[in-house]
2 protein chains.
Amino acid sequence: MVRVTITQVAEYAGVSIASASRALNGQIASAETIAKVQHAAATLGYVADATARSLKLGRTHQLAYAVADIGNPVYVEMMTAIERVVSASGYRLVLSSTGTSSSSVDVVRDLGRGYVDGMILSPLRVTDELLAALAKTPTPVVVLGRLPDGTSLDTVRADSVTAMRLVVDHLVAEGRRDIAFVNGPGDTTPGTFRRDGFNTAVTAHPLVSTRSIDADDFTIAAGYAAARRVLDGDRRPDAIVAANDLIGIGAIRAAEDLGLTVPDDIAVTGIDNTELTGVIRPGLTSVDLGADERGRVAAELLLARIAEPSRAAHTVTVAPALVVRGSSLSRARAQGRAPHHETDSTELDEERAAG
Amino acid sequence: MVRVTITQVAEYAGVSIASASRALNGQIASAETIAKVQHAAATLGYVADATARSLKLGRTHQLAYAVADIGNPVYVEMMTAIERVVSASGYRLVLSSTGTSSSSVDVVRDLGRGYVDGMILSPLRVTDELLAALAKTPTPVVVLGRLPDGTSLDTVRADSVTAMRLVVDHLVAEGRRDIAFVNGPGDTTPGTFRRDGFNTAVTAHPLVSTRSIDADDFTIAAGYAAARRVLDGDRRPDAIVAANDLIGIGAIRAAEDLGLTVPDDIAVTGIDNTELTGVIRPGLTSVDLGADERGRVAAELLLARIAEPSRAAHTVTVAPALVVRGSSLSRARAQGRAPHHETDSTELDEERAAG
DNA sequence: TTGAAAGCGCTAACAC
DNA sequence: GTGTTAGCGCTTTCAA
């Protein structure tokens, strides 16, 4: 089919293009004109060209969510939450995956070209270059994740320090005394803050020995490899704190491959509380960082900024909540539960404990 | 930051906007002009407005991937494959999630408005309404999935009949004699063709008794619920064929909750061969429908059609491959393997057998 | 090599 | 209530 323009509609209806436009957009027009124009549009199969309309109006009604790794379910969860808010306000959400193609700097520049009215960014690394690009872009931005103090941007962040404290306190309470932290790449934003959070959390337990290692990625495969390095050593920890659920799952697989039982021989915990935690056995204890809530708030902040561009920058921190499942129970408690009864028929989760 | 236009760049550089445009786009221009304009653009922080450029050029350099349920990892896999091809050709890929917001008809209409140069569609249901919308849209389309015969559109499809035959033959070979098919919603395209495939496949085994049930969704939760209905009955099957991996995982959980052991008491298989199959224990036997390949081919077909709009419609069918893991082995074979040695350190998969 | 000007398709003054 | 016209920001003839 060939594209039909408003000029052809106007011609067909025998009115001016202005009248056609008005009739189509619900502006003031006579009933007769509206009828003629709508009939013409329907017969011709007219759909207004979004590009021309955007150019004229200066708004695209498109918002972008830019994320490095859409393969991680936690970002899908965020996107779903964002989509819900955004589409309710008449915007379309487009996803820009920064992972496979260009760096997030390019993405910011690209989105600054004007095909979106605003963007939500989940950067894995916050470089000076990125901050410069963000400062320069004319497009409203909300950043999901930590930014340097003093940066004047709308931000939504998780509370890594509390998250790690919840996990560490829980493991110590369950009797663990030698905890290994398997982080993602240490130069990423989540990597940095989760490491700092872990280090802070363990100072409260001076008798517990600890160590840290970086996985090459926040993925199952990288978590597996890193956990193998930890577990192959001669001093085997009795608990692994993973920087996210994917790494945690990799760690569980690594432990099993070495003939270890989780949680009897070693406890494992994750972060993000993705759906995966309930898919594996034992269920993976995790900290819910409020992905859904963070996505929702980010979308609301963005809409608010678009409505009022000069408003002050807001920073919202979402509180984490520990969700205990089988992977971190003490030996005694674990034996009190039959593994195959862990599944709850509705949630597929074992239990939830607010943090 | 306020948006800067090419007019301001031209003014700053002391040249006409035509020269500015030429200098910026690598057209013919004197070295001096280029230098002045580039300097001006850099100082002013100019980025060309994509909307205006698109209106002028008639192309957006954007492609869309429209999918109902991005929560299903198989679609993420497809998207990744598409993104790879598309970005190599200088296009941006935007994701339109049709699930949460509007129907796919609305999405097609919306994308027909012109902010994308083409779209790849994974419709869950192919209605007459959708076909009409597809026939009318001026935007090139490639459909992932089955279309009615005679529809003249580029299409990439999986081979459900072969896929189901691979699974059923395998289960029968492993000694299963009472197979329950847990489908997704029967009115969806995958639901229809997987059901038909199953029915065809079992005719080759007249001694095997079978039955079918629809889950409400292609999700873990829906699979769990449907499997419970199957397993709670008095005649318990010795194998469950799930219409996708998520349903299969739900079925494994359901079996475990009833105290059944997989695969000893009951075998379970999935479809799609997503990463999840290697995450759970036992590993889920699944049929790889070639999501990566289908995504790649779809992207190539779309690019080809954009380059040559009048070319004949192509239909490409991608061959499936059975991947056997622990969930479907016969009792004897399963006992030959220690469950915690299933994991391969690189692939996290147990074994792969081409179909 | 450069500048003036047209025009992509649309909406919104503005005058009638 | 309707038509004429300007113009969103850009690229590209067309003359010079």
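Just so it is clear: chains get the letters A, B, ... in the order the sequence lines come, proteins before strands, and each one is counted from 1.
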Of all heavy-atom pairs linking B:A20 and B:V15, the shortest is N-CG2, 4.1 Å

Name every donor-acceptor pair, under 3.5 Å, that has one atom in a side chain of residues 307-314 of chain A and the other anywhere in the protein, sequence neighbours excluded.
from   : atom 1 : to     : atom 2 : distance (Å)
A:R311 : NH2    : A:H314 : NE2    : 3.4

Treating A:S21 as the side-chain partner and A:I17 as the backbone partner, does any N or O pair qualify as donor plus acceptor under 3.5 Å? no

By a strict heavy-atom criterion of less than 4.0 Å, which residues belonging to residues 22-35 of chain A are in contact with DNA chain D? A:R22, A:I28, A:A29, A:S30, A:T33

Yes or no on side-chain contact (heavy atoms from CB on, under 4.5 Å) for A:L63 and A:L93, after CA distance, side-chain angles and deciding distance? CA-CA 5 Å; A:L63 265 25; A:L93 184 69; 4.2 Å; yes

According to side-chain hydrogen bond (donor to acceptor under 3.5 Å, both in side chains), does anything in residues 43-58 of chain B pair up with another residue at least two apart or in another chain? List the pairs. B:N25-B:R53

What side-chain hydrogen bond (donor to acceptor under 3.5 Å, both in side chains) pairs are there with at least one residue in residues 111-126 of chain A, not counting sequence neighbours? A:T60-A:D117, A:Y65-A:S122, A:D110-A:Y115, A:Y115-B:R92, A:R125-A:D187

Answer whether the closest heavy-atom distance between the side chains of A:S104 and A:L124 falls below 4.5 Å. no

Residue pairs fulfilling ring-ring contact (aromatic ring centres under 6.0 Å, His included) with at least one residue in residues 68-98 of chain B, sequence neighbours excluded: B:H61-B:Y91

Span of DNA chain D in contact with chain A (heavy atoms, under 4.0 Å): D:dG1 to D:dG9

Rounding to 0.5 Å, atoms CG (B:L134) and OG1 (B:T139) come to a distance of 10.5 Å

For residues 127-137 of chain B, the side-chain hydrogen bond (donor to acceptor under 3.5 Å, both in side chains) pairs (sequence neighbours left out) are none

Can you tell me how far C1' of C:dC10 sits from CZ of A:R3, to the nearest Å? 13 Å

Under 3.5 Å, which protein N or O atoms sit close to an N or O of nucleotides 5-7 of chain C? Give each pair with its distance.
from  : atom 1 : to    : atom 2 : distance (Å)
C:dG7 : N2     : B:K56 : NZ     : 3.1

Between side-chain atoms of residues 1-14 of chain B and protein atoms elsewhere (two or more places apart, or another chain), which donor-acceptor pairs fall under 3.5 Å?
from : atom 1 : to     : atom 2 : distance (Å)
B:R3 : NH1    : A:G112 : O      : 2.9
B:R3 : NH2    : A:G112 : O      : 3.3
B:T5 : OG1    : B:T7   : N      : 3.3

Among residues 39-48 of chain B, which contact DNA chain C at a heavy-atom distance under 4.0 Å? none

Begin with the C-alpha distance, continue with both residues' side-chain angles, and end with the deciding distance and a verdict on side-chain contact (heavy atoms from CB on, under 4.5 Å) for A:T151 and A:V126. CA-CA 12 Å; A:T151 313; A:V126 177; over 6 Å; no

Angle between the two end axes of the helix from C:dT1-D:dA16 to C:dC16-D:dG1, five base pairs per end, rounded to 10 degrees? 50°

Single hit among A:V67, A:L153, A:L130, A:L144 for side-chain contact (heavy atoms from CB on, under 4.5 Å) with A:L121: A:L130

Looking at CG of A:L24 and OG of A:S19, how far apart are the two atoms once the value is rounded to the nearest 0.5 Å? 11.0 Å

Got a sec, which pairs hit side-chain hydrogen bond (donor to acceptor under 3.5 Å, both in side chains) with one end in residues 289-307 of chain A, sequence neighbours left out? A:D154-A:R305, A:E293-A:R296, A:R296-A:E300

Please compare B:G14 and A:L55 by the position of their nearest nucleotide in DNA chain C and report the one closer to 5'. B:G14

